[in-house]
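Naming convention: chains lettered A, B, ... in sequence-line order (proteins, then strands); numbering from 1 in each chain.
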2 protein chains.
Amino acid sequence: MYLMAEPAAQAVALAESLKSLGLTKYEALVYIALLQASEATATEIHELSGVPRASVYPVLERLSQKQLVSVSNTSPRRFNPERPDDAIESLLRSVEHDAARAKKNLNRIYSQSARRERGDQELIWSIHGGDHIRLRLLEMLQAADESVRIIFYWDHLKGELVERLLSLKKEVKIEIITDGWSGPVPGQVKVLVKAPPMEIQKEPVTNWQAGCVFIVDKKKAMVVMGSKDEGFTALYSESMGFVRFFTMYWNFFLNWGQ
Amino acid sequence: MYLMAEPAAQAVALAESLKSLGLTKYEALVYIALLQASEATATEIHELSGVPRASVYPVLERLSQKQLVSVSNTSPRRFNPERPDDAIESLLRSVEHDAARAKKNLNRIYSQSARRERGDQELIWSIHGGDHIRLRLLEMLQAADESVRIIFYWDHLKGELVERLLSLKKEVKIEIITDGWSGPVPGQVKVLVKAPPMEIQKEPVTNWQAGCVFIVDKKKAMVVMGSKDEGFTALYSESMGFVRFFTMYWNFFLNWGQ
DNA sequence: CACTTGTTGTTATTATGATAACAACATTTA
DNA sequence: TAAATGTTGTTATCATAATAACAACAAGTG
């Protein structure tokens, strides 16, 4: 059985996730130690947590303010932790409160700002991170008016994507090139199943996860690529050249192997 | 009309609430500036936010990682903010994720710990903060087995308290001394309406808000006092002497003015 | 007294904020 | 075209404040 010297190994990891709830390292370590002991004196907490004895007192004072511990009136004082569920809940609520306030104020600023047209013509935007990409992508598709063309090799997003496509107006023509399709094909959708071309399969990148092209109304395009190592990156643009390039790419795919 | 020099006054306040979502002051200021401009270059952001130009780049890099901005591939680069709703949501989710993880681990520790009986006999515990007190109080009442005696002068908690009392087992005898009661009195509850005694009314403390005594099963007692200035403090104990003292107090109240 | 507790003040250490210097490039001007 | 000027993006360096760690001491306890 392991018995760590000062701050137990797992405690340090745990302390990390408590930091984002607004606790300092010491506050976290002390609270953890107190949970293990369930009622202890300052010295016991010091020994259990590895936090210097002198620091334990102000830390416990702060924790008491944050309503994570109660204090006995004895001498020496003894400390008692709030139950984890209630403690976390209480911390989280205070963050959520700040979040709500921030959201309100940010939205006020956002709505006042003279917003240029998203995309601003000739620019090409880089977007990092799966969630970020997901949001922008669904947002773009939502705005589709006439046509959507998709080259889709990205299992992860499939469900959500299909759902979004089905919610579009009936006039929108949807053409999809992908590697597999399960379930019925809705009326306005044309699906073409194709294995990805050799060039992609042979790619030296091992953890290839996604390679997608989305062209909306022949005016906006978003391309997504991603690997396990480097995460996901997307490019978005309304530039003529960009859209034209990927329309060509789409046509190339369409005819490839026929 | 005010027009601040560098970082607008409101922006600084806003930045504060963004900090608890894990952003630094600069990250907050840059994001705010970017929302105002809705697409800008590094220099524009620097001018608008008051953040040193050299610092703007690493900050934008971090914001990009956190999925709060996208970056154009032009030269000079242009930056675009994620919409506030989505941005906050994304930050909050990551905090909630950490919170869930922490909760799980803390609960594991908590359940493993050799928990002494809460209260540990002779100790008297101080509890700070309204919420903290509320939790412990309701928890204590919930555990009532035979009897509950209450002296209650605290409007704020009335609703929640009554609800909790009604959910107790029918065998539990409930006696309440308070300054007013509206609505029907349930069967097992005995209510005695009394104005608070002069000693309390005359108290030099101006913002008196609460003065309560709760005695459960003649074995545990919790007393609450609170003023607008100093906040709420409670004492809890299972000590014989403590319980006996407040039982006497309760009897004194019961007979007072009769 | 020997020991522990609670308190204070001082000193590292780190994270963050701020400034300066620079190379690369684009733009202007003679 | 060549030189001067300005901008961008990058890097290195410094300053400041928050946090952590330590040392010293008075008060309390057995």
Side-chain angles (χ1 to χ4, degrees), chain A residues 5-7 11-12 15-16 18-34 37 39-66 69-80 122-124 126, chain B residues 5-8 11-12 14-16 18-34 37 39-66 69-80 122-124 126:
Chain A
E6 295 304 306
V12 184
E16 272 310 308
L18 284 174
K19 271 195 205 165
S20 50
L21 286 160
L23 299 193
T24 68
K25 190 174 156 198
Y26 275 8
E27 288 167 355
L29 288 176
V30 163
Y31 180 68
I32 293 169
L34 204 42
E39 193 201 303
T41 67
T43 304
E44 288 166 357
I45 292 169
H46 148 65
E47 286 164 352
L48 212 62
S49 65
V51 172
R53 198 177 59 86
S55 303
V56 158
Y57 292 95
V59 167
L60 280 166
E61 170 61 28
R62 278 179 277 160
L63 286 176
S64 179
Q65 296 299 328
K66 290 178 181 169
V69 307
S70 350
V71 189
S72 85
N73 288 337
T74 56
S75 169
R77 286 180 275 183
R78 304 188 71 81
F79 301 88
N80 209 13
E122 297 302 315
L123 298 190
I124 299 175
S126 298
Chain B
E6 294 304 306
V12 183
L14 223 182
E16 273 309 308
L18 284 175
K19 270 195 205 167
S20 51
L21 287 160
L23 299 192
T24 69
K25 187 175 156 194
Y26 276 6
E27 288 168 355
L29 287 176
V30 163
Y31 180 68
I32 293 169
L34 203 43
E39 194 199 302
T41 66
T43 304
E44 287 165 357
I45 292 169
H46 148 64
E47 286 163 353
L48 212 62
S49 65
V51 172
R53 198 176 61 85
S55 302
V56 157
Y57 291 96
V59 167
L60 280 166
E61 170 62 27
R62 279 178 278 160
L63 285 176
S64 178
Q65 295 301 327
K66 291 179 179 168
V69 308
S70 350
V71 190
S72 85
N73 289 339
T74 55
S75 170
R77 286 181 277 181
R78 303 189 73 79
F79 301 88
N80 209 14
E122 296 305 313
L123 297 190
I124 299 174
S126 298

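Side-chain contact of N80(B) with S70(B): a donor-acceptor pair under 3.5 Å is absent, judged by distance alone.
Counting all heavy atoms, side chain and backbone alike, V71(B) lies closest to R77(B) at CG1-CD, 3.9 Å. Here the closest heavy-atom approach between residue E44(A) and residue E39(A) is recorded as OE1-O, 4.3 Å.
If you take NZ of K25(B) and C1' of dA18(D), they are 13 Å apart, rounded to a whole angstrom. Atom-to-atom, CD of E47(B) to C1' of dT7(D) comes out at 12 Å; the value is rounded to the nearest Å. Put simply, CD1 on I45(B) is 13 Å from C1' on dT8(D), counting in whole angstrom units. In this structure, K19(B) atom NZ and dA17(D) atom P are separated by 12 Å, rounded to whole Å. dT8(D) atom P lies 17 Å from atom CG of N73(B), rounded to whole Å. Here dT19(D) presents its C1' atom at 13 Å from CG of L29(A), a figure rounded to the nearest Å. For the pair E16(B) CD and dT16(C) C1', the interatomic distance rounds to 14 Å; values are reported in whole Å. Atom NE2 in H46(B) sits roughly 13 Å away from atom P in dA18(C) (whole-Å rounding).
Closest contact between the side chain of P76(B) and the listed nucleotides dA20(D), dT8(D), dT8(C) involves dT8(D). Relative to the side chain of T43(B), the nucleotides dA18(C), dA20(D), dT8(D) differ in distance, and dT8(D) lies closest. Considering only side-chain atoms of A54(B), the nucleotide from dA18(C), dT7(C), dT11(D) that sits closest is dT11(D).
Of the candidates L29(B), V30(B), L18(B), L18(B) is the only one forming a side-chain contact (heavy atoms from CB on, under 4.5 Å) with L23(B).
Within 4.0 Å (heavy atoms only), T24(A) reaches sugar-phosphate atoms of the nucleic acid but no base atom. At the heavy-atom level, R77(B) lies under 4.0 Å from the strands shown only through sugar-phosphate atoms.
The phosphate of dG9(D) has OP1 or OP2 within less than 4.0 Å of a side-chain N or O from Y57(B).
A distance of 7.5 Å separates OG1 of T41(A) from CD of E47(A), quoted to the nearest 0.5 Å.
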